[in-house]
Colleague: 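This is the structure I have questions about; it appears just below.
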Amino acid sequence: MIEESKSIKEKFGVLDSVPVGACLLQDDFVVLFWNTCLEEWTKIPRSQILGTKITTHFPHLSQLKYATRFKQIFAGGPPTIFSSQIHKHLIPATWQDGQQRIQQTTVTAVPAQEAGIEEQEIRDWVLRTLELESDGTVGVGSPRSAFLSRESAPSASSSIWPGVNSPSFYALLVIQDVTDLTHRIQAYRTMRDQALEEVQVRQRVEEELRSSQHFIQQIADAAPYLLYIYDLTEQRNVYVNGQASKLLGYTPQEILQMQTALYSSLVYPEDLPRLKAHQQKFPSTQDGHILELEYRLKHRSGEWRWFRCRDQVFARTADGCPKQIFGTAQDITEYKRAEEALRQQNERELLMATITQHIRQSLDLGEVLSTTVTEVRHFLQADRVMIVRFNPCTASLCAGPATGAVTVESVAPNCPPMLGETLENFCFDQFYIEAYQHRAIRPIADVLAADMPQYQIDLLAQFAVRAYLVVPLVQGDELWGLLMAHQCSPRQWMQLEVELLSSLATQLAIAIKQAELYQQLQAANLKLERLATLDELTQLANRRRFDQYLEMEWRRQAREQTPLSLILCDIDSFKSYNDTYGHPGGDECLRQVAAAIGNAVSRPADLVARYGGEEFAVILPNTAIQGAVMVAEHIKVKIAALQLPHAGSQVSPYVTMSLGVASIVPASESGAEILIAAADQALYQAKRLGRDRIQLYQPDPAGKANGAGTSILPVDFSIPNTNLPSPTSA
């Protein structure tokens, strides 16, 4: 063991001269080498730790997350990196301020000591152990590749390994302290300050610096991010690590040769102002304070990649002004893409929810379509969004030309409207229709550059359309129409926009179907309502509708204190008419009489109803008694004009009517039955006095005005009175 320790000390002693921690572990975690740097950091002497298990001093290394990864190293696996972002420190060490040093640790498999290996070979091999890829994989200059290379070290089948099928391995820990990078290169700062005095001195200092930092450079190149030193006064990079080749496609030398053109060559133009503002913060920044910024750099391939930089003052001039900054730049392109994809997804879902909510707030088809085109144009910032409704048989590819009409549109002020236009054979030929039936979406970035028939280009030119996006509206197997977005200038439609309209088309098709079903339901309800309120024979309002309307108007006229009039009409000797002409003849008589009464009443608010059998009623809202009498006379004239023969009548050889008229200003404490009773009494008087006449009842001045207890006086209007005033307006 003593001889082995001595051999390890001699062959790995070169690591005592590097400013990084170095530790060599046996596969049972026994410490074989502990360099001077670790002695200084941990205050654990080499004599105390060598030959002991490292887990005795640092028990956390026995945890499964460390033991598993070390086991792979002891088996000769590829190097592994314990990133400072995940593992703050592998070997805890206290810094001057009492805080733990933040470390970046690389663990590499090292072939165990065997007889026959020359010390120089081990020394050279150890130097090559630090030549690792930044992502933790073994590169062409890595320990294992060097060990297996015929030029670098003998293979496992070489005579150097007699009787051994595969070598055993140690674990070499190389630990970089990233908390004090500025202090560790203080000498470099001093030399850089002196470089202002003489260019030749600066070059010599830089050369000396490169020589003295060769080992650190190897570690820096293994870091998974860009390391750079930027000179603020000279506006150029004076250092960049080897990761530039992997992250940007340029060698470090090519980047340094860009000199002051670095920013104009690599930085995204829109990010330049922010980067300059970022650098202007350093004069007021204290040493050790880190400033962060995200910006884009151009890869050699032309791709723009996102980086997050963390910069701090690295060197100052004699008067204390910042001269150089040291920074790291991590490639966050994939993170940005994921973030943007998530943002777009959230935006699309929010917009979909908003538009869907808006179009489903109404069951009116016109309002649904209008809301859709307005919301979509607002989101797309398009010049026109419209919905084209296919004409009948278009979707089934009928023999005639396929056509569609612009049903609704939302258009910018600078664009000619297309509302109401009929588009014949515009994207409606059989090829397009079959594609649309399978929900194919067609975005056109530039009409003039697209493979389109000339007549379609000419049609679009009439409406200044240069780019458009067409989304089919499909209901089941039926192609209902198209949702179209127009732009008056060339436009590259984004995938987000296409996906949004595709999803929206599905929701819109559902909303259209619901609106159409609602319209059908409304029509059916209206038909049912008509059937429930119409008399089937005469097509006038039936008794049920009469009762509802009279009650409604009674309450309204009571609130407004305006007169309400009622006319009850009865066909004279109708039983005799049925006996003479039969019931079919009687039904025809009723139909003609009903039509005549309906023609005599012209105001929309007036209601003509079949009151029962051969009786009819006319409700006249907001009509005084004089107006009601004029309507009754008009009815009587219309009936006489029919000249319907009535051989069984005792009054006239033609069909005649008796009419009872009543008018009253309703009172809220009474009911409409008062008015019905008054008109009925007037009709009874007309019949008793000989029929074929109008009988009027008015309130008795001696009785109470309005309401219950009002007495009615009959007035005979069998002879027309031309001095009566016109009916009052509804």
Side-chain angles (χ1 to χ4, degrees), residues 81 83-86 104 106 131-140 176 178 181 217-232 235-282 290-312 314 324-348 492-497 499:
I81 295 177
S83 169
S84 60
Q85 299 178 2
I86 301 176
Q104 184 88 358
T106 302
E131 299 177 6
L132 300 177
E133 295 288 339
S134 62
D135 59 0
T137 60
V138 182
V140 294
Q176 180 189 6
V178 295
L181 183 59
Q217 176 66 55
Q218 291 178 314
I219 297 177
D221 288 343
Y225 37 73
L226 284 175
L227 295 177
Y228 56 87
I229 297 175
Y230 183 80
D231 194 296
L232 295 171
Q235 297 185 357
R236 69 182 185 91
N237 269 0
V238 297
Y239 168 77
V240 64
N241 70 339
Q243 283 296 304
S245 300
K246 180 177 180 180
L247 299 179
L248 292 175
Y250 296 96
T251 65
Q253 292 74 21
E254 288 176 321
I255 291 182
L256 296 179
Q257 289 171 2
M258 292 180 184
Q259 298 287 328
T260 56
L262 175 69
Y263 285 172
S264 60
S265 301
L266 298 183
V267 179
Y268 193 71
E270 294 181 6
D271 296 340
L272 274 173
R274 295 192 299 110
L275 183 56
K276 292 179 179 179
H278 171 75
Q279 292 183 351
Q280 291 172 359
K281 297 178 182 179
F282 283 102
I290 297 175
L291 298 180
E292 294 189 1
L293 179 68
E294 294 180 358
Y295 56 92
R296 285 160 285 188
L297 292 176
K298 191 175 185 180
H299 192 274
R300 194 184 200 104
S301 64
E303 176 190 8
W304 291 102
R305 301 193 66 84
W306 277 97
F307 286 85
R308 179 184 290 120
C309 74
R310 304 178 77 251
D311 299 333
Q312 60 180 317
F314 178 68
Q324 295 175 341
I325 57 175
F326 169 76
T328 63
Q330 183 181 5
D331 188 338
I332 59 170
T333 305
E334 295 305 320
Y335 167 78
K336 280 288 187 179
R337 288 173 180 168
E339 183 181 56
E340 178 63 16
L342 181 61
R343 185 193 66 78
Q344 291 182 355
Q345 177 70 16
N346 291 338
E347 181 178 331
R348 185 179 70 178
Q492 190 67 43
W493 301 100
M494 298 172 57
Q495 184 62 27
L496 168 66
E497 297 167 339
E499 292 176 356

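For reference, positions follow the sequence shown, starting with 1.
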Colleague: For a quick test of reading the model, state the closest non-hydrogen atom pair linking Asn237 to Leu256 and the distance between them.
Modeller: O-CD2, 3.2 Å
Colleague: Might you confirm whether atom NZ of Lys336 has over 12 heavy atoms from other residues, nucleotides or ligands at distances under 6.0 Å?
Modeller: yes
Colleague: Which pair of non-hydrogen atoms, one from Tyr225 and one from Asn241, has the smallest distance, and what is that distance?
Modeller: O-ND2, 3.0 Å
Colleague: In this structure, which one of Gln279, His278, Lys281 forms a side-chain hydrogen bond (donor to acceptor under 3.5 Å, both in side chains) with Asp311?
Modeller: His278
Colleague: List for me each residue that meets side-chain contact (heavy atoms from CB on, under 4.5 Å) alongside Ser301, sequence neighbours excluded, and say none if there are none.
Modeller: His299, Glu303
Colleague: Walk me through whether Arg236 and Leu262 qualify under side-chain contact (heavy atoms from CB on, under 4.5 Å).
Modeller: CA-CA 7 Å; Arg236 69 182 185 91; Leu262 175 69; over 6 Å; no
Colleague: Is it the case that more than 12 heavy atoms not belonging to Glu292 sit under 6.0 Å from its CD atom?
Modeller: yes
Colleague: Just jot down the side-chain contact (heavy atoms from CB on, under 4.5 Å) partners of Ala261, sequence neighbours excluded, or say none.
Modeller: Ser264, Ser265
Colleague: Rounded to the nearest 0.5 Å, how far does CD1 of Ile325 lie from CG of Leu291?
Modeller: 8.5 Å
Colleague: Nearest 0.5 Å, please: how far is CG in Leu248 from CG in Leu266?
Modeller: 6.5 Å
Colleague: Looking at side-chain heavy atoms only, is the closest gap between Leu227 and Val240 below 4.5 Å?
Modeller: no
Colleague: Quick one: salt bridge (charged side-chain N to carboxylate O under 4.0 Å, His left out) pairs with a partner in residues 326-335, sequence neighbours left out?
Modeller: Arg305-Asp331, Glu334-Arg337
Colleague: For Trp306, is there any backbone N or O sitting under 3.5 Å from a side-chain donor or acceptor partner on Thr333?
Modeller: yes
Colleague: Residues in salt bridge (charged side-chain N to carboxylate O under 4.0 Å, His left out) with Arg343, at least two apart?
Modeller: Glu340, Glu347
Colleague: How long is the span from the CD atom in Gln330 to the CD atom in Gln243, to the nearest 0.5 Å?
Modeller: 11.0 Å
Colleague: Using the test salt bridge (charged side-chain N to carboxylate O under 4.0 Å, His left out), find all partners of Glu270 that sit at least two apart in sequence or belong to another chain.
Modeller: none
Colleague: Please round to the nearest 0.5 Å and tell me the distance separating atom CG of Leu297 and atom CD1 of Ile255.
Modeller: 8.5 Å
Colleague: Starting at CG of Asp271, measure out to NZ of Lys276 and round the result to the nearest 0.5 Å.
Modeller: 12.5 Å
Colleague: Roughly how far, to the nearest 0.5 Å, is the CD atom of Gln324 from the CD1 atom of Ile229?
Modeller: 6.5 Å
Colleague: So do the side chains of Phe307 and Leu247 get within less than 4.5 Å of each other, counting heavy atoms only?
Modeller: yes
Colleague: Locate the shortest heavy-atom distance separating Gly242 from Pro252; write the atom from each residue and the value.
Modeller: CA-CG, 3.9 Å
Colleague: Please find the pair of heavy atoms, one from Cys309 and one from Tyr295, that lie closest to each other, and give the distance.
Modeller: SG-CE2, 3.5 Å
Colleague: Show me the pairs that pass ring pair (Phe, Tyr, Trp, His ring centres under 6.0 Å) and involve residues 243-266, at least two apart or across chains.
Modeller: Tyr230-Tyr263
